[in-house]
Protein chains: 4
Amino acid sequence: TRTVTKNAGGRVFASYHVYKGKAALSMEPCMPTFTKVESGNFIMDRRGSIMLTFAPAVGERKYDWTRKQLFALSATEIGSLISLGPRDSCEFFHDPGMLSSTAGQVRKSLAIKAHTDGNGYFFSLNVVNKPQNTNDYLSVPFTTGEFSVMKTACSFALPSLLGWDRVTNPNLGVGSVFQPKKIDREALSLEWER
Amino acid sequence: TRTVTKNAGGRVFASYHVYKGKAALSMEPCMPTFTKVESGNFIMDRRGSIMLTFAPAVGERKYDWTRKQLFALSATEIGSLISLGPRDSCEFFHDPGMLSSTAGQVRKSLAIKAHTDGNGYFFSLNVVNKPQNTNDYLSVPFTTGEFSVMKTACSFALPSLLGWDRVTNPNLGVGSVFQPKKIDREALSLEWER
Amino acid sequence: TRTVTKNAGGRVFASYHVYKGKAALSMEPCMPTFTKVESGNFIMDRRGSIMLTFAPAVGERKYDWTRKQLFALSATEIGSLISLGPRDSCEFFHDPGMLSSTAGQVRKSLAIKAHTDGNGYFFSLNVVNKPQNTNDYLSVPFTTGEFSVMKTACSFALPSLLGWDRVTNPNLGVGSVFQPKKIDREALSLEWER
Amino acid sequence: TRTVTKNAGGRVFASYHVYKGKAALSMEPCMPTFTKVESGNFIMDRRGSIMLTFAPAVGERKYDWTRKQLFALSATEIGSLISLGPRDSCEFFHDPGMLSSTAGQVRKSLAIKAHTDGNGYFFSLNVVNKPQNTNDYLSVPFTTGEFSVMKTACSFALPSLLGWDRVTNPNLGVGSVFQPKKIDREALSLEWER
């Protein structure tokens, strides 16, 4: 059977999910945005990212996505991640309020730590929110296979996040690239203003 | 000479085959499927896979494809496979009837084992079918070169199986992606309901 | 300045050349061919290859391309090549007349040997033509950088040679893929009938 | 929110920037150019490159791009760069006036040196301009993550710089590939005539 659905500029949503006992982690590319300049050309004005979304488990194979925590991996952070050796670890710190009056109020840290036997990694997000007096910790173990999927998918997406796929193939167009929805946009801005 | 054949939405079939003395192994990507949601966007509803098809040899360079056995590699299994070192092995277990009344009746296991000299791998599929009282074992040795082709091809296909190529390039469309034929679809479902 | 040339199905030719003191080596992908089957779909009928063309030097930076020798790397041979370690070597043998009445008359062997210091490889082609009583030997040293270009370009091309880029993106079409010119076609057939 | 801007052949500009204390480094692909030949086909006449642009810091997070220095990485130099091990180094020499009457007047050397701890690299450009009696030295340290981004982006771009993406997908067209602007073109010519 065949489905011929017209895709008139429709955006496609596709996340890679890893579901584990205490939390789930979903990841998805957020494309860069472009500005039209004179002469009909385009300049990238904001690099893309890989948005990680963590949700706590609230039962067997049930996750509470209303309590999700976001962490947007920048190109350089993706570079660190995809070059991790089987015993390596790395940690990234984000302050969503950086350079604003809310600097220091919310602190996020993402640690990616190799299992001691070299067979996989832990992705652990810690979010300390001073105004709300909360401290969330969400940790998802990745097998070697799951980490390999993430590495391959992130390596694939990286040139697009830098806009280089549009440089080598202008036919791709920038008009069909949607900006994140208003709410995601804000989350992203918070992350990025640093 | 030139062939200008109009490809009006036609699907393309292309398998990578490895023919050996006791059996042959064919592999081919099965694309994900998408559902149209409000506002004209699309959400991936079923990840793609790499379908492996084994057939026993029945003579010199002759294979009996009517006695084929299927094994659909998931994204995570592909991740394991493409990160195998030259002396590594892995094994995957599928129960086509999982979570249904036929659970446990058919058991498939795929073992990928490095040759002891590090020059290649064995792909060995064992299918135990209790209702039919059959036990099929099909094994195909891969040279280093053949395994490298498989790794490169699977790494290439993986982002498509996750739908990420459609995220970075919405022009690709989802309407031109066909669902597997009815019969393959069923086979797939059996594999995936677990 | 901008060139807006309509590319109405025009084929693009682009070789990667390495010019050295005694010989030059040019390489270029030869795309697979497809057959239209019922229902408007396509099946790949012949895998693509990477065509290597060697030419002897006949002066400083001058090469005699009329004395060229061809060697078409199959997908599996490309797999071997891209998985070579810095001290590894491999050798491929082709008999253009294999399975025909001219079997054994022309023998080609391509050796890829790591430099003893691990900094590069020799690509050496030996063609023994019994009917013509000739024995040609053409050898081109590759630096690490040149070999890395070849590896990256061949890894990029490999999924296309298997037809998998058309499976994941049917929009690519097969009608815009040209068959090699008559003469190359014949050379290819000779190489492949084995 | 969504921006539907028509991209009627518009060129896309997207650089990957690394900003450090003493200098900044920007990199961007320069696509190859093609010539139309009889029968409507195209031949690549000039390989693409990755253009590196260095600018000195003139204050905190301020860079003087009017004092930029360019270095166009060839395909083979990119090959060397992407195959560097964590403790390796390499150096490239360009003479923009090579093979012309201005040979030897300007000498550029780019050194890529691993940090002694294996955690990153220095990109250091030295430009000696005899007629102007200047000697510029610009150095930008790359973290492991930044180098990994560069490697991934350059590996992605390399097949395009060789024109192989147009060989495997003639739909891409060459008419939508713009030649570098006049001034960049000249800079490139100077670099390449050697």
Task: side-chain contact (heavy atoms from CB on, under 4.5 Å) between C:I78 and B:V149, intermediate numbers included - done: CA-CA 8 Å; C:I78 294 164; B:V149 172; 5.9 Å; no

Can you tell me how far [atom2] of [Y] sits from [atom1] of [X], rounded to the nearest 0.5 angstrom?
X: C:T168; Y: B:L161; atom1: OG1; atom2: CG; value: 9.0 Å
X: B:F142; Y: C:T76; atom1: CZ; atom2: OG1; value: 9.0 Å
X: B:F156; Y: C:S160; atom1: CZ; atom2: OG; value: 6.5 Å

Task: Selection from C:L81, C:L162, C:D165 maximising heavy-atom pairs under 4.5 Å formed with chain B - done: C:L162

TODO: Would you check if the side chain of C:W164 reaches a backbone N or O of B:P29 as a donor-acceptor pair within less than 3.5 Å?
DONE: no

Open item on the list: List the residues meeting side chain to side chain contact (heavy atoms under 4.5 Å, CB included) with C:A24, not counting sequence neighbours, and say none if there are none.
Closed with: C:Y19, C:Y63, C:W65

Open item on the list: Applying side-chain contact (heavy atoms from CB on, under 4.5 Å) to C:N41 and B:F13, what does each step give before you reach the verdict?
Closed with: CA-CA 8 Å; C:N41 293 332; B:F13 294 89; 3.7 Å; yes

Task: Segment of C:I43 engaging chain B (4.5 angstrom heavy-atom cut-off) - done: both

- [ ] Apply side-chain contact (heavy atoms from CB on, under 4.5 Å) to B:V12 and C:M44, showing your working.
- [x] CA-CA 8 Å; B:V12 177; C:M44 188 178 66; 5.9 Å; no

TODO: With sequence neighbours excluded, give me every side-chain hydrogen bond (donor to acceptor under 3.5 Å, both in side chains) pair touching residues 140-157 of chain C.
DONE: C:K20-C:E146, C:T143-C:E146

Open item on the list: Atom CG of residue position B:D117 - does it have more than 12 heavy atoms of other residues, nucleotides or ligands inside 6.0 Å?
Closed with: yes

TODO: Of all the heavy-atom pairs spanning C:R47 and B:H17, show the shortest one and how long it is.
DONE: NH2-O, 3.1 Å

